[in-house]
Structure formats: C-alpha cells, structure tokens
Protein chains: 2
Amino acid sequence: MYITTDNIIQPKQNLHNLPQPCCIDCMQKESTIYDIAHQLNISIATVSRALKDDPVVSKKTKKRIFDMAEQLGYRSNHFARNLRSQRTHTIGVIIPRINSHFMSTVIAGIEQTAGADGYNLIISQSAESVEKEKANAKTMYDNRVDGLLVSLAIDTADLQHFDAFFKKGIPVVFFDRVMEQSNSTNVLIDNVRAAYKTTSHLIEQGCTNIVHITATPKRNVYVDRLKGYKQALEDHGLSFSESNVIINNLSQDEGAAAAADILSRAARPDGVFAANDNCAAGCIIALKQAGIRVPQDIAVAGFNDDPVCRVIEPNLTAINYPGYQMGEVAARHLINYLSGDASVAVTNSILLKSELVVRNSSLRRAMPQG
Amino acid sequence: MYITTDNIIQPKQNLHNLPQPCCIDCMQKESTIYDIAHQLNISIATVSRALKDDPVVSKKTKKRIFDMAEQLGYRSNHFARNLRSQRTHTIGVIIPRINSHFMSTVIAGIEQTAGADGYNLIISQSAESVEKEKANAKTMYDNRVDGLLVSLAIDTADLQHFDAFFKKGIPVVFFDRVMEQSNSTNVLIDNVRAAYKTTSHLIEQGCTNIVHITATPKRNVYVDRLKGYKQALEDHGLSFSESNVIINNLSQDEGAAAAADILSRAARPDGVFAANDNCAAGCIIALKQAGIRVPQDIAVAGFNDDPVCRVIEPNLTAINYPGYQMGEVAARHLINYLSGDASVAVTNSILLKSELVVRNSSLRRAMPQG
DNA sequence: TTGTACGCGTTATCAT
DNA sequence: ATGATAACGCGTACAA
C-alpha cells in the first residue's frame, strides 16, 4: 500500500545538508505516478500507460491524468525508467580535445542532432593520450551509454579498449580519426582525395617542389593525406622526396619552424601543403617575415578551412572540412541505429564531401573559372 | 529470495532487437551485487558496503569481494544508485554556443575538473535564444542534474526559468554571461576594469577619438565593457560621444562593416576598441584594404586573446580572457558546494584576473617596459 | 562485523 | 480499459 504524504513538509534526511532550498516554504516533495494515481483513485499502471500515451487508455482518463500531472508538477524519473528499461538515452563522446575550431564545431553538430531526439551527451577528452582514452571508454561503459561517438587519439593503435562495447553490442561510431580495419561505422572525408586535390592544385599553379607538413603518420587522417600528396606528385610526373615531408605537431609555432627549415634548403621549395590551417598560418607568417612572397615565391595551402583562413594574409587556400555536418551525420547514424533502423547496421563507412577552397595563398595563375 | 542464473545465456527480450552482440558467445548477463554475494555466500549488504570501502567491513571479506567483483566483471549500476541516493553526479552546462574559441576552452576546463571528480557533463547550447535556454533548463531539471553551470544568452533578461533550481536548492553557477542581481555565484572577470585598461592604453598611445565596437548592451559583459570605456575617456579628459559606439553582432564581417562606417566619418577616429577579437580582426583587414595604416593611423584593440590575435597583421592587442581557468574555477566551485563545503555558499562572485596583452595593432609609442 | 528487509519510481506481465 | 504486482540494482535502517 502506498501512502501519500500529501506534500507535507518533512525534515528530510539531507546528505551534506544539501541541497538547501531557498526557503522552507519552497520545500516540495517530488511527485510520482503514485501521487497522481492516489489523487485520482486509479492504479499506477494506468498512469504509467497514460503518460506514455498508450492507446489502450481511454481518452478521458488520459486527460484527467495529464491534468493532474500538470497540477502536481510531475516529472518522470529518468533513473527509475533507465533502471527498468536498461536504456539511458545518453550518448558518450570521446575526442582528443574539445578546444579546437574543428572539434567544437563537430560537437555543436552532435549536440544539435542528439538534443533534438532527446539524447543527452557525455563528453570527455583523451588529450591525445591512449591511456586517457582507455579511462574515458571505461567511464562511458560504466555510465551505460546507449552508444559511443569516438575520434581517436593520435597514437591509438588498436581498438581493444572498446571491446566491452563490441561484445555487448553497444554501437560505436568513429569519426574523423578512425581505424581503417574497424568494422564499426566510420564517418570521415576522403582524406586521400582531398590531399590529392590540394597537391594537384599547387602543381597546377606551377609548383614543382612541394613540401608537405603533417603530424606523425600514425593516424588515418595523416596517413591518407600523405598518400594523396604522393599520388598527386606521381600522377603529375614529379618525384617524391622523403625530405619534403616535415613531421611536427601542426601548431602555429611548429609551422614557423617548418618555414625556417624550408628556407634553409639549397633547392628552395616553391609550395607548402600543411595538414592543418594553424600550421599553415604559422608558416606563412614566418615566410613573410623572411621576405618571401606568398604565393609568388612559395604557394601555401592548409586543411580544415578554419576562420583563420580568412584572416591570414594572403587568405589561405584550404580543404573545407564539414565539421558540423560530420557531427550531425555521426550522431544521426548512431541514433538511427539505436532506434532500430537495421539498414545502418551494415554501413561500414560514410564519406562526406569536402572541397578545396582556393584563396590567394596559392593563387599564382588565373583559375579556370570563379 | 534472489535466484542467480549463473550467467546462463538467455534469449533476452530485446527492444528493437538492440543491442546486437558481436556473437552469441559474447552475450553475458550483467552481474550485480547479488551475484557477488551469492558466489561468496554472504549478504548483499556486505557487498554493497565493501564496494564503497566502508571501514566497517573486515579487510579480508573486502578483499574477497573485490576479487570476485573483478572476476565477474562487475560494474555498479548508476541508475539504481542514483535512484536510491537521489543524486546523479551529473553537472549540466548551458552555453550560448560551443563552437567559439573562448567557449570551447571553457568547456575543456570544466570537463577536466569535473571528470577528475567523477562528475559527468551534460552540455546544451542556447544558440543565444532565451527560448532555447528555457527548454535547456527544463531538460537539465528533468535530468536531475546535481548542479548547473550557465552562461546566459545575450538577451536573457531574467532568471525565472531557473526558479525550479533555486526552489529546490540545486546550485547554479553562472559564468561570463551573468546577471548582476543574481544571488547565485557568478564567475567572471572585471569587464569594467579590463575595458578601462584597454581604452586607457589606446589613449596613452595617443588616441583621442576612440570607437568602441560592441554587441547590444543587454548582457553584463557588454554593459561593463562600455562602462569601462566611458570611464577611461572621462578620466583622461576625453569626451564621450554616442556616435562612437557601434553596436553589431561582433562577427568578422560586421567588423569590416564597422571599418567602413568609421572611414566614412568626417572626424576620422584614431582608435578602435572592439569587444571581441573576431570583430577586431575583420575591422583591421578592412581598414588595411582601405589603405589605412594600423596602428599609425588607427590603433586597434580586441578582447579575449584568441589565437587569431597572433595571426592578424599587425598582431592584435587584446585582453587575455582566461577561459580554461574560468571553466576550472566554475566547476570546482560547484563541486565543492556539492561536496558540502559550506564556505562556498556565501560566495557571491569570483573575479578572475585578466590582463592586457599589448601587441603591434595598438603600439605607436615605446611602452614603459617590455 | 554481518544479515534482513524495505524503498527509490518506473515498466511490464499478468489477471480482471 | 484497468488493476495488482513483480522486477530493475542498490543503499541503509534495524536487527542480530
């Protein structure tokens, strides 16, 4: 038998004396389906059914129940529901770091999509460390997320730490930083093609000695960009030289250092393709300080199309990386799967369009059009 | 009486046929404290106590329990725990938008701090809309977050939509975009002082006709920056003119438009103080395109110290806004409160240090030092 | 030091 | 169409 207290104020037990209501009058017991049922002299089963709009409940009882719920300020208890239903309506997100333009844009897209469908987000950063990534995965698992969206740390070499998810059949969608051999769904752009396009563009602009600045090629994105770069050289009859690949952390400062390296060479390069915009910007600034003209002496292209592209002078040519859409697509895909859309289970990878945005940093000749 | 199934594989009921385990062999029943208790022939109470390291449990039973938990791959069920304890270990975050350098940096700081203390984050964006902010607040409330971290939308004029939290005594900490009259804790910088410093600096550099570009002064940050600007003019014997305040959305494009406005004036301004860096950058670019020299003809200063400051030429003078620390401090404060630290309950506002970083965009004279 | 038993608020399976 | 009741997994008075 359930005994309602009719919202009588009780000196309820209070861990750490928290929370403190603003005043004693405000203290109000949380109302439940029991309260609604009791007020209306019906069973909780009916209330529960009505609240989820079960067609088996008659129109008028439904109305009475909704009104009473409104009146009592009822809100359903997610924990009780999750406890029963074994689902949490929560999506876990693991990313290297949140405070980059690209990543925060992706998150914005994810949040938009997930929020619209009533999913909550739990976000954690791996800080590019496999160890933190493992810890994050465990946290997500312990929080019983319904699914996971992951962008891998740079030196993550295997997916073992997600085995618990795979074994339980909890869907994991990787985006941007992925493992090719994974049999989860990957959402990404064609990095090979993008790099190929960029490099070809530089070649078409008259560059014959192009440096590629990138991060350590452990992660797909850098491996692929390097591959596209090489492929473009080959297809245009230019020889590849190992020394033309500069590996660093892609920061602005390292971009400047790369510029110094470039300028120290006997056969001075006439083109630079950097794997992100920050690094390209740092490089351009340093080149200009050294009296090099961009793009006349050295043409430069970046990757991502961050806002910095439109600030640096000359404005930076870059691959337009659709971060927001990537977030939307990855989240949508995961949610569709969670909603029972079987067709998505067989999807191996989703490729998003990316295009080269040509600006002055690489423009030495009139373009075919526009 | 609890009857364990000894992890026998069951064709368990499966909503939407999900989740799908990778293979039938992997299917494994989630183990609970009942399982541990059953295996060890002890009571769940002891297990429950041991798992939370209750000193009342003997060392050796504890050890046996931990070992068995490990062996069974036990993980505690947060929902059952939350349902019982009425706490969620979840912090809600409501911000205007996540994809700005400043905000994503704040989030990074929050995540770092909260994660270290075992708190999860639920993040939502108001998109600068009061309506969305209200909806977000309700979602957070329904998710029973332990506390809330909020940065208000630009035209949020009152805090009514947080009343449910105030009434229940759920702590709300506002940061950056706050309401002065709130009696919650506010974490912010001294915007008046920062603007005062910046404006004074421009004056010291010889500017006598300074334009202030800012957003609509509905939100504290813009009100205060305007106030500091005015104060500095007054203290230096310069007169304030309404026409020298340009209101826009602080985007890069609007910065360019502001530049056009400035250049159209009969008495051409010789200084610009923009309320963010993006806008300042757009302004500088447009000014330079019009043949104006920065800083010789017009000196420019921004606000935030985003990375763009070190890319734009000349490099942008700006107030260094400690976003990461702000996130850390706000989260730490909230968590301390949730942990029962009474001293924080009386804290009204926390001011973070901010300093003016002088760069070439405003430097017309030798600085006193450095 | 350990065990028993109840309640947290739901949903789901019976029965009526 | 509605009601009674058993889980879901955990925490904790109270008892032993």
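Residue numbering restarts at 1 for every chain, and letters A, B, ... go by the order of the sequence lines. Values below: all heavy atoms of this structure, side chains included; hydrogens, waters and symmetry mates excluded. None of the values given here were measured: they were computed from a predicted structure.
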Output the single nucleotide from C:dT4, D:dG9, C:dG9 whose closest atom is nearest the side chain of A:Thr32.
C:dG9
Can you see whether A:Thr156 engages A:Glu133 through a side-chain donor-acceptor pair at a distance of less than 3.5 angstrom?
yes
Tell me whether the OP1 or OP2 atom of D:dG3 has a side-chain N or O from A:Ser43 closer than 4.0 Å.
yes
Distance col, row B:Phe175:CZ vs B:Ile95:CD1, nearest 0.5 angstrom, shows 6.5 Å
Counting only side-chain nitrogens and oxygens, does B:Lys62 get under 4.0 Å of the OP1 or OP2 atom of C:dT1?
no
Just to confirm, is there a sub-4.0 Å distance from OP1 or OP2 of D:dA1 to any side-chain nitrogen or oxygen of A:Lys59?
no
Mind calculating the distance between CZ (B:Phe79) and C1' (D:dC10) to the nearest angstrom?
13 Å
Distance-only polar pair, side chains of B:Ser129 and B:Ser126, donor-acceptor under 3.5 Å
no
Nearest-neighbour nucleotide for the A:Thr46 side chain, C:dT10, D:dT2, C:dT2 considered:
D:dT2
Heavy atoms from C-beta onward define the side chain here; which of C:dA12, D:dT12, C:dG9 lies closest to that of A:Lys52?
C:dA12
Without hydrogens or angle criteria, can the side chains of B:Asn143 and A:His78 be said to hold a donor-acceptor pair below 3.5 Å?
yes
Salt bridge (Lys or Arg N to Asp or Glu O under 4.0 Å) between B:Lys62 and B:Asp54, intermediate numbers included
CA-CA 9 Å; B:Lys62 240 181 215 171; B:Asp54 192 322; over 6 Å; no
Using whole Å, report how far CG of B:Asp54 lies from C1' of D:dT12.
10 Å
Checking all strands, does B:Ser85 fall into the base, sugar-phosphate, or nothing category for heavy-atom contacts under 4.0 angstrom?
nothing
Check: A:Val178 main-chain N/O paired with A:Asn186 side-chain donor or acceptor under 3.5 Å
no
Roughly, in whole Å, what's the span from CG in B:Asn82 to P in D:dG11?
10 Å
Considering every strand and a 4.0 Å limit on heavy-atom distances, what is the contact class for B:Ser58: base, sugar-phosphate, or nothing?
sugar-phosphate
Among C:dT10, C:dC8, D:dC8, which nucleotide has an atom closest to any side-chain atom of A:Leu83?
D:dC8
Using only modelled atom types and a 3.5 angstrom limit, is any donor from either the side chain of A:Arg84 or the base of C:dT11 paired with an acceptor on the other?
yes
Give the residues of residues 139-146 of chain A touching DNA chain C, defined as any heavy atom closer than 4.0 Å, sorted by residue number.
none
Whole angstrom value for the distance that separates P of D:dT12 from CD of B:Gln86:
12 Å
Starting at atom CZ of A:Arg49, determine the distance to atom C1' of C:dT13, rounded to an integer number of angstrom.
10 Å
Taking atom P of C:dG9 as reference, at what distance in whole Å does atom OH of A:Tyr74 sit?
10 Å
By nearest-nucleotide position on DNA chain C, the 5'-leaning member of B:Asn41 and B:Ala80 is B:Asn41
If I take atom CD1 in residue B:Ile33 and atom P in nucleotide C:dT2, what distance separates them, rounded to the nearest angstrom?
15 Å
Less than 6.0 angstrom from the centroid, inside 45 degrees of the normal: does A:Arg144 satisfy that with respect to the ring of B:Phe79?
no
Separation of A:Ile42 atom CD1 from D:dA4 atom P, in whole Å?
11 Å
Give one of base, sugar-phosphate or nothing for A:Val57, where a contact means two heavy atoms less than 4.0 Å apart.
sugar-phosphate
